[in-house]
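Report on the structure given below.
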Number of protein chains: 2
Amino acid sequence: MTYNEFKKLVNLSKEEISGQILERNRDSIKVKKEKKVIDNLIRIIDATLAICSKKSFQAMSIRDLSAESGLSRGALYSYFTNKEELLILIQSQGREIAYRVLTEQIAKGNDPVEKLRLAIKSHIYLSEAMRTWFYFTYIEARNLPKDEQKRAIESELLTEKIFIDIINEGIKEEAFRDVNVALAAAVIKAMLQDWYLKRWKYRNRKVSVDNYADFVIYVAESTLLIK
Amino acid sequence: MTYNEFKKLVNLSKEEISGQILERNRDSIKVKKEKKVIDNLIRIIDATLAICSKKSFQAMSIRDLSAESGLSRGALYSYFTNKEELLILIQSQGREIAYRVLTEQIAKGNDPVEKLRLAIKSHIYLSEAMRTWFYFTYIEARNLPKDEQKRAIESELLTEKIFIDIINEGIKEEAFRDVNVALAAAVIKAMLQDWYLKRWKYRNRKVSVDNYADFVIYVAESTLLIK
DNA sequence: GTCTATACATAGATAGAC
DNA sequence: GTCTATCTATGTATAGAC
């Protein structure tokens with residue numbers, strides 16, 4: 001699988017994502033016309049992610065968001081009750097999509113070696129397709145209220161659990177060496193996250209997403225596969 | 001080398017660091033008595049790092065800092081001209097110490113294999129000894145003004161260059177495989193950074209700093225060493 | 001549904017007393 | 001050198017017109 005194949009496979013239209021957000025937040029969204037809500041949610045989220053790729057969510061004022069999204073300050077408050085809720089809305093939706101797509105993709109693997117490759121590739125490809133979401137989710141997690149922070153941590157551990165399970169399976173089937181499983185999963189995750197945290201670096205060096213994914217697979221297999 | 005040996009070897013007293021900051025910022029520090037400055041700088045920086053391990057620098061108000069440090073709001077402004085300058089002061093000093101200690105330690109290695117181990121260990125041990133500094137420097141880098149951001153990026157690339165040089169040397173001496181050097185250095189760096197970015201995770205799992213360093217060395221050597 | 005105007009809160013920075 | 005009091009700017013959120 002290459003990045004281009006992945007993109008065709010996984011349909012991540014903005015309308016669909018926006019529709020899911022509407023489903024989950026009917027209470028706090030005051031506007032009634034579905035078409036309008038979906039349209040404006042897209043504009044609001046796009047604007048937020050664009051601004052927050054340059055400065056922090058805290059530093060983004062409602063005035064900034066109004067200017068970038070084209071909606072007035074007053075109108076914005078028809079789509080969320082306060083600024084913190086907007087943060088939570090984007091974060092929780094991002095986490096949900098990520099987990100769903102990842103598990104769907106990995107289910108296609110037949111053995112641990114294949115599953116490991118699929119897991120690495122899907123994660124990197126997904127973070128490429130939704131790089132502003134991933135960056136935002138990672139970098140702004142600490143500014144969430146306590147209970148939402150808990151959910152973010154659970155989500156991080158859940159993704160890691162996917163790798164832990166694959167590696168355990170590989171050891172059981174004697175395809176992988178008997179390494180410290182939790183540590184192996186943790187450092188693989190660290191390498192995956194670097195792709196969207198340091199995009200500027202890889203872009204400057206002209207490293208493609210396929211290059212990067214292949215290299216992470218090379219490192220993981222060098223560490224895990226029995227020689 | 002273990003973490004305990006490293007700590008004895010590298011003396012990182014707060015007074016010394018604070019003294020260096022005074023040297024570099026004589027202009028903006030209005031207080032004249034050296035002893036007072038050094039004492040209060042320590043309190044200010046400790047307070048900042050403590051607050052910013054829980055919330056962002058932006059979210060920390062001067063009032064917060066006043067309460068935590070024990071100095072009044074007015075007094076604080078005798079040690080920096082504005083809030084942004086405080087951010088720059090802490091960041092630049094953190095980067096300087098890190099680079100100095102790292103290069104000093106690595107110079108002790110005699111061959112690429114030994115140097116690679118030394119580089120990995122010193123980096124992880126240093127980030128353990130100064131974990132609040134490292135975390136702060138990483139997480140708040142994006143909130144720096146443009147020109148200071150440039151310096152932060154240069155510093156990141158400089159640390160990575162250390163690894164690139166070691167790996168190149170290893171390949172030349174036919175101790176290492178002929179891998180993509182920049183990518184290898186980048187993913188090693190990613191693993192090193194995970195130690196201070198996800199401390200909560202490793203603490204919960206009771207992974208010691210020595211465990212972690214050994215595992216990263218294991219991954220790096222599995223990827224690089226000729227079998 | 002969306003806008004403009006505005007109330008209200010909070011934060012950074014300074015002046016002047018001690 | 002440090003404090004308290006205060007000025008001013010900026011930002012969130014709402015009310016009421018359109």
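Letters A, B, ... are given to chains in the order of the sequence lines, protein chains preceding strands, and every chain is numbered from 1. This is a predicted model, so every value here is computed, not measured.
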Ring centre gap for B:Y196 and B:Y135 strictly below 6.0 Å: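 Ring-ring flag for B:Y196/B:Y135: false, centres at least 6.0 Å apart.
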Upstream residue (5' side of DNA chain D) when B:V31 and B:G74 are each assigned their closest nucleotide: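 On the 5' side of the pair lies B:V31.
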Among C:dT2, C:dA11, D:dT2, the one nearest B:Y79 by side-chain distance: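 It is D:dT2.
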Nearest listed nucleotide, side chain of A:S78, among C:dG12, C:dT2, D:dT12: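 Of C:dG12, C:dT2, D:dT12, C:dT2 is nearest to the side chain of A:S78.
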For [X] and [N], give me the distance from atom [atom1] to atom [atom2], rounded to whole Å.
X     : N      : atom1 : atom2 : value
B:R63 : D:dC3  : CZ    : C1'   : 14 Å
B:I29 : D:dT2  : CD1   : C1'   : 16 Å
B:K83 : C:dT10 : NZ    : P     : 15 Å
B:E84 : C:dA11 : CD    : C1'   : 15 Å
B:I38 : D:dG1  : CD1   : C1'   : 16 Å
A:L41 : C:dG1  : CG    : P     : 13 Å
A:Y77 : C:dC3  : OH    : P     : 15 Å
B:K36 : D:dG1  : NZ    : P     : 8 Å

Sugar-phosphate only, base, or nothing, as touched by B:N40 at under 4.0 Å among non-hydrogen atoms: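 Sugar-phosphate contact only - B:N40 comes under 4.0 Å of backbone atoms but never of a base.
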Sugar-phosphate, base or nothing in reach of A:K33, heavy atoms under 4.0 Å: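 If one applies the 4.0 Å heavy-atom cut-off, A:K33 turns out to touch the sugar-phosphate alone, with no base involved.
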Modelled atom types, side-chain donor and acceptor of A:Q91 and A:E140, under 3.5 Å: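 Result is no, nothing qualifies.
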Identified side chain to side chain contact (heavy atoms under 4.5 Å, CB included) counterpart of A:S28 within the set A:N82, A:T81, A:L89, A:L86: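 That would be A:T81; it is the only one of A:N82, A:T81, A:L89, A:L86 passing the side chain to side chain contact (heavy atoms under 4.5 Å, CB included) with A:S28.
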Any side-chain heavy-atom pair of B:E68 and B:M60 under 4.5 Å: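 No. Closest side-chain heavy atoms not under 4.5 Å.
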Test item: A:N211 and B:N180 side chains (from C-beta on) under 4.5 Å apart, heavy atoms: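 No - every pair of side-chain heavy atoms lies 4.5 Å or more apart.
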N or O in side chain of A:N82 less than 4.0 angstrom from D:dT14 OP1/OP2: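 For D:dT14, OP1/OP2 do not have a side-chain N/O of A:N82 under 4.0 Å.
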Most 5' of B:A59 and A:S72 on DNA chain C, judged by nearest nucleotide: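 It is A:S72 whose nearest nucleotide is closer to the 5' end.
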Base C:dT14 to side chain B:R73, donor-acceptor N/O within 3.5 Å cut-off: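 No, no donor-acceptor pair under 3.5 Å.
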